[in-house]
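One structure is given here, and the rest of the page talks about it.
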Amino acid sequence: MSSFDDSDAFEAASAASLSARAMAARPMPHLDGLNPAQREAVEQMEGPVLMLAGAGTGKTKALTARIAHLLATGTARPNEVLAVTFTNKAAREMKNRIGALMGQAVEGMPWLGTFHAICVKLLRRHAELVDLKSNFTILDTDDQVRLMKQLINAAGIDEKRWPARQLAGIIDGWKNRALTPDKVPAADAGAFNRRGPELYAQYQARLIELNAVDFGDLLLHVIRIFQENEDLLAQYQRWFRYILVDEYQDTNVAQYLWLRLLAQGHSNICCVGDDDQSIYGWRGAEVGNILRFEKDFPGAKVVRLEQNYRSTGHILAAASGVIEANKGRLGKTLWTEGEDGEKVRLIGHWDGEEEARWIGEEIEAMGQGTRGMDPIGPNDIAILVRASHQMRAFEDRFLTIGLPYRVIGGPRFYERMEIRDAMAYFRVVVSPEDDLAFERIVNTPKRGLGDKAQATIQRMARSNGVSLLEGARLAVEAKALSGKGLKELARLVDQVHHWRALMQGGLRQVGPMDDLIEEDRPAADALSHIELAEVILDESGYTAMWQNDKTPEAPGRLENLKELVKALESFENLQGFLEHVSLIMDNEQDDNEPKVTLMTLHAAKGLEFPAVFLPGWEDGLFPSQRSMDETGLKGLEEERRLAYVGITRAEEVCTISFAGNRRVYGQWQSQLPSRFIDELPQAHVEILTPPGLHGHQGGMAASASPVSGMMRGSDLQEKAARADVYNSPGWKRLQQNQGRFGMRQPSEAKNVTIDAEAVSAFTVGDRVFHQKFGYGEVISVEGDKLGIAFDKAGEKHVVGRFVVAADSAGDVPF
DNA sequence: CAATGACTTATTTTT
DNA sequence: TAAGTCATTG
């Protein structure tokens, strides 16, 4: 947890009066360099404020300046400001920036943190009000799922048909909407084979038994505490005199309720966000919260930050053009005093590999500096994809050409198996009643304690109403297991006890284990928690398990374990470490070598790069078909916001691309350019045609790059394919229709692709040739899509521009 | 208990 | 396609 502690401050609280803290007549450097809108948002300290901050408009600057202002004017003391963020990263950055503004003069702000971290703090103080003990453990998704699995099996439900993951998702959804088991609406009663609500109730009961909470509970328990204890709520309302919320568009119902409870009364709440960047609806975020702000908080002052300091004029205009197609926006107009810069670049490719190859070459060219532009190095370049599987093509390509890259996202350090195993050991030692942790380690490494042995332990524990560890001890005592298992289990139980003794060192407190296990070993003197961790991993045989493992990933896992132990250094004890880890799952690595960044659009929110590539702009992929199927227009609009987020990450160069063919689940599919491409305002877009096309063999694209020599054997075929796509009617149409891109009405622009019928070069009965599927006969024509019965590949639907008349196929040189 | 093969499924992710 | 899960084998 944070190093700041305020526990005394709270009680000493409200006595200090505001008037006593007169406005300080000192200079206020934090106001320097704010534009008028930012300044307004900073100086309007009383009452509700909605700061609508477009991409790159200096939101964090204004937010931190506002906090600095509250403090510098003596309006609030550091511990009276409640400032909530979503990520630890954002919280950290705010802390740093406030520190810089105030010149270290301010001691820490105890209530600046994520929703979850702040809730943990509150919940530890008042745990007993919701039948928890203040040392409750926080379960992560994995623990949740395992627990639910047990409940599902116990309920006699076929876990095949009704997977625990799904139930976890459903319950998570309810918690996002602040629905406790008794409040699940009738409309949702059918969830999970009609057993959802019942299992939800069981799950909650089980969590209380385990003295555990999941992430959703952190919010919900605190809400319940506030609702059921008026005095306490009133106390906190008085205490948190000024509330600030970052990324308000990402709040869910529970977070909204939580904020509303605390802001009641003074209404000094400042929410910062951008409805156009709401991209987390699928995990419970409610754009409605930000759209409704003025209704929720009457008299709210709305401040728009519209001056953009990040991107060039063309990039901003392109992004604005796209987002305009969304309905029900609060509306902002981004502008810049900067240069127009280069237009947003648009380019089509034959397939995904070609796209990756071109981007690789383009990045190399950027490193040299192209068209009079300053060189842009790998560190300043990002590739933003819709779904992580798209990264693969780039990784493959970059590996072959030796372009250094880094992938952001993916499985985090603390989610890796070996880390979770190690931490389960720590958990059992720190809290012997942590059954989930015990289950995880009881047979890891293998101790010959299989299902049968574990069932025995379960039985022992349940019938005596004790934890699994204690149940295990009883099982040993009763000799309920056979030879080897018995010996191993006895050893494990003994070891846990031993580790606990080491942890408690000379100052042994009376803990649950002390009554239960006879101690014949003298307690060692204060062993550092780092040494203790090493001892645990060593004596348990866990390290040895990986040392003996011959799989290629074993060394990496041992490396990770070392890193884990190293990470312990910044904590005072194991408890503190576990607390930290359960809330903070990030793992930023130091990295000196310049690398291109590969990440999803979601992960890119809040970041910026001089050059950004946005590949895969194809209908179905982006916007994602699934998103549209599941939530219709709502989903499409969220996808469009994602497009907006993507474009606005770029400072100087933004390159959008699409491929005509892509392999989807192993099947080749022809792809339509994304409808978002039609929405790009033409005046701000330049259509790129890579050199080396139209049959100019050995074109510059290939030879200009030092990489070309490494092109695969299918070089010729590739060039043919490229020539094909740019000669195709579809591509020509795209170029001809450039002029229509700028249409104010997106619907009109959309006709571009819809009225393709007139352009379609084929009719039923034509013999055609397709690059991947070979020869075939057209059996249907629907707009731009052709139904084709291929001689070899069967019936397919293909976009017209990717086939050529069969008689002209001879022109293709292979 | 490990290895093998059938089978299935296929965004976005933080805490 | 390809990664992951699951059940069956040896």
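Numbered from 1 within each chain, the chains take letters A, B, ... in sequence-line order.
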- Is the phosphate of dA7(C), meaning OP1 or OP2, less than 4.0 Å from a side-chain N or O of Lys160(A)? yes
- Query: To the side chain of Arg626(A), which of dA10(B), dA7(C), dC1(B) is closest?
  - Reply: dA10(B)
- Task: Check the distance between dC1(B)'s C1' and Gln454(A)'s CD and give it to me in whole angstrom.
- Result: 14 Å
- Counting side-chain heavy atoms from C-beta on, which of dC1(B), dT15(B), dT11(B) comes nearest to His116(A)? dT15(B)
- Task: Rounded off to whole Å, could you give me the CG-to-P distance for the Leu219(A) and dT14(B) pair?
- Result: 17 Å
- Item | Nearest heavy-atom neighbours spanning Thr114(A) and Val84(A) | C-CG1, 4.0 Å
- Task: Taking the six-membered ring for Trp and the full ring for Phe, Tyr or His, determine whether the centres of Phe215(A) and His116(A) are under 6.0 Å apart.
- Result: yes
- Note on the structure: Among dT13(B), dT15(B), dT11(B), the one nearest any side-chain atom of Thr141(A) is dT15(B)
- Message: Between dT5(C) and dT12(B), how far apart are the two P atoms, rounded to whole Å?
- Response: 16 Å
- Is there a donor-acceptor contact under 3.5 Å from the side chain of Gln390(A) to the main chain of Arg386(A)? yes
- Note on the structure: Which of dT12(B), dT13(B), dC1(B) is nearest the side chain of Asn443(A)? It is dC1(B)
- Query: With sugar-phosphate meaning primed atoms plus P, OP1 and OP2, does Glu630(A) contact a base, only sugar-phosphate, or nothing at under 4.0 Å between heavy atoms?
  - Reply: base
- Task: For Arg392(A), answer base if it contacts any base atom (sugar-phosphate contacts may also be present), sugar-phosphate if it contacts only those atoms, and nothing otherwise; contact means non-hydrogen atoms under 4.0 Å.
- Result: sugar-phosphate
- Task: Classify the side chain of Arg663(A) versus the base of dT1(C) as yes if they form a donor-acceptor pair under 3.5 Å and no if they do not.
- Result: no
- Where the side chain of Thr600(A) is defined as all heavy atoms beyond and including C-beta, which of dC1(B), dT15(B), dT12(B) is the nearest nucleotide? dT12(B)
- Query: Distance between the C1' atoms of dA2(C) and dT13(B), in whole angstroms?
  - Reply: 23 Å
- Aromatic ring pairing Trp546(A)/Tyr542(A), orientation class (parallel under 30°, perpendicular over 60°, tilted between): perpendicular
- Task: Could you please name the option among dT12(B), dC1(B), dT14(B) that lies closest to any side-chain atom of Arg283(A)?
- Result: dT14(B)
